[in-house]
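A short write-up of the structure that comes next.
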Number of protein chains: 2
Amino acid sequence: MSTPPYHHGNLRAAVLEAAERLLDQGGPSALSLRGIAREAGVSATAPAHHFGDLSGLLSDLAAIGFQRLAETIRRAATDPAPRAPVHAYVRFAQDNPGLYTLMFRSDRLDYRRESLAAASQASWAVLLRSVGSEARMPAESDLATLGQVTFRWSLLHGFCTLLLDGQLRPLLANPACNGDPHVLLDVMVPPPAPVRPGPVPTQAPSP
Amino acid sequence: MSTPPYHHGNLRAAVLEAAERLLDQGGPSALSLRGIAREAGVSATAPAHHFGDLSGLLSDLAAIGFQRLAETIRRAATDPAPRAPVHAYVRFAQDNPGLYTLMFRSDRLDYRRESLAAASQASWAVLLRSVGSEARMPAESDLATLGQVTFRWSLLHGFCTLLLDGQLRPLLANPACNGDPHVLLDVMVPPPAPVRPGPVPTQAPSP
DNA sequence: GTTTTTATCTTTACAATGTAAAGATTGATG
DNA sequence: CATCAATCTTTACATTGTAAAGATAAAAAC
């Protein structure tokens, strides 16, 4: 058997893959710099050269998560079913519980990182477009649009967070749910969900 | 100056207070078993005898948080303003960011703990009552009630999580918000919010 | 083609953490 | 008073993040 070469070649990608593997197995708490290096088959301090420190590595991983989530929503938006994006969002969280949790654990991330800031901002564009806004940044929108965006994201993110945290288990134990979160999701999400602009039925009037 | 007595007296309460002090200062990531012991002025392994391990200590602290949150909602429910509980919930998260974050970080908590399980279950009762249900457990409710509960909690929890995580900063930077999350909250929360049962306007019909 | 530089990876080292085990102290119990 | 049990301390060990210095090899310079 040949010893591995001193220079890995593309350790950066290998480390991110190793990290995601551990993330899928043991959740965010299983992500240690040394553990990831071990999984990737390199020395304990090798990743530091590529990512700076642990929060740098996790931030790049979270950035990948935001990119994938945005892509998932973008793709689901082409589905004729009006609530396809909603279910796609939740399914993303279900399919990638560790990654989704990591993405919103700001104490382990560094939002000054270029990669994470860009990916996060790109998610905003997708979100704004989903409520019919042409703006690319929330700062350029009017209050009603902000309300819609906040409403949508809060509802979905809250649901996913509670779900992954196990807080919805008592609800899902109810026979009417049959253990399926999407049943709960269907009775929770307000029905019309206009994709294109127009009057906002579930919105409060301006004070 | 007299040396402190070998037996503290009520170290349990002192440790919890020390923990909350550190939590308020540095967030959940500042909570280490040794650091808490240091803050309480005892040896590093003293808390272990009262709480077992770190997750035990944090679980008891989170349980206190759930009790306080439930009490906050209960008190706000007597306010004539229909949306008082909503604002009270968000204000609780704003006033206790570390505690609120800890309460929903399941990877550091142990829900098999009596204290935490009881406090969490008590929160359910309050939540169910807020939508007019008489049930004390979600398992006893019908699907429509579950939908309402899930809707309310997801929306509020999602908003608070995003807020504390800093994800709403781009929105709050919008001049219309004036940096106040409650402005955003007001345009987000659906208006009628019936406290007592009746037809549910923002709810989807059964499929 | 040889030398120098630079990026990449390893080894070593150190402080901090969680927790297990054993010992010290003290209030309670008989 | 003697014994016990609860409480707290000391000691010890494996693990972590990360800084510093050394080894290796690819790339660049000549």
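The structure displayed is predicted, hence computed values, not measured ones. The chains referred to below are lettered A, B, ... by the order of the sequence lines, with proteins before strands, and numbering in each begins at 1.
At the heavy-atom level, B:A46 lies under 4.0 Å from base atoms of the strands shown.
Taking the six-membered ring for Trp and thresholds of 30 and 60 degrees, A:Y89 and A:Y100 have ring planes more than 60 degrees apart, a perpendicular arrangement.
When the C1' atom of C:dA7 is taken as reference, atom CZ of A:R12 falls 14 Å away, rounded to whole Å. Rounded to an integer number of Å, the gap from CG of A:N10 to P of C:dA7 is 18 Å. Between B:E39 atom CD and C:dT17 atom P the separation is 13 Å, expressed in whole Å. Atom NE2 of B:H50 is separated from atom P of D:dA5 by 18 Å (rounded to the nearest Å). As rounded to whole Å, 16 Å separates atom C1' of C:dG27 from atom CG of B:L11.
Under the 4.5 Å side-chain criterion, counting only non-hydrogen atoms from C-beta, B:V15 is in contact with B:F51.
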Query raised in the report: Under a 3.5 Å cutoff on both atom distances, Watson-Crick or G-U, what's the dot-bracket for DNA chain D ([ ] crossing, | other strand)?
Result: ||||||||||||||||||||||||||||||

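In this structure, B:R169 places its CZ atom where only 12 or fewer heavy-atom neighbours from other residues, nucleotides or ligands lie under 6.0 Å away.
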Report summary line: Quick tally for nucleotides 14-19 of chain D: nucleotides whose base has a protein heavy atom under 4.0 Å get B, sugar-phosphate-only ones S, the rest -, giving --BBBB

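Under the rule for a side chain to side chain contact (heavy atoms under 4.5 Å, CB included), the partners of B:A119 that lie at least two apart in sequence or sit in another chain are B:A63, B:F66, B:Q67. Partners of B:D110 by side chain to side chain contact (heavy atoms under 4.5 Å, CB included), not counting sequence neighbours, listed by chain and number: B:S55, B:S59, B:R112, B:R113. In this structure, the ring pair (Phe, Tyr, Trp, His ring centres under 6.0 Å) partners of A:H182, at least two apart in sequence or on a different chain, are A:H87.
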Requested in this report: Output, in order, the C-alpha distance, side-chain angles, deciding distance and verdict of side-chain contact (heavy atoms from CB on, under 4.5 Å) for B:E17 and B:E39.
Outcome: CA-CA 9 Å; B:E17 289 172 13; B:E39 173 77 15; over 6 Å; no

Query raised in the report: Do B:R105 and B:L58 pass the side-chain contact (heavy atoms from CB on, under 4.5 Å) test, and can you show the C-alpha distance, the side-chain angles, and the key distance before you say yes or no?
Result: CA-CA 10 Å; B:R105 182 149 307 178; B:L58 300 188; over 6 Å; no

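B:H49 has a side-chain polar atom (N or O) that falls below the 4.0 Å cut-off from OP1 or OP2 of D:dT7.
Residue B:V42 places its side chain closer to D:dT9 than to any other of D:dT9, C:dT10, C:dC9.
Here ring-ring contact (aromatic ring centres under 6.0 Å, His included) pairs that include residues 19-40 of chain A, with residues two or more places apart or in two chains, number zero.
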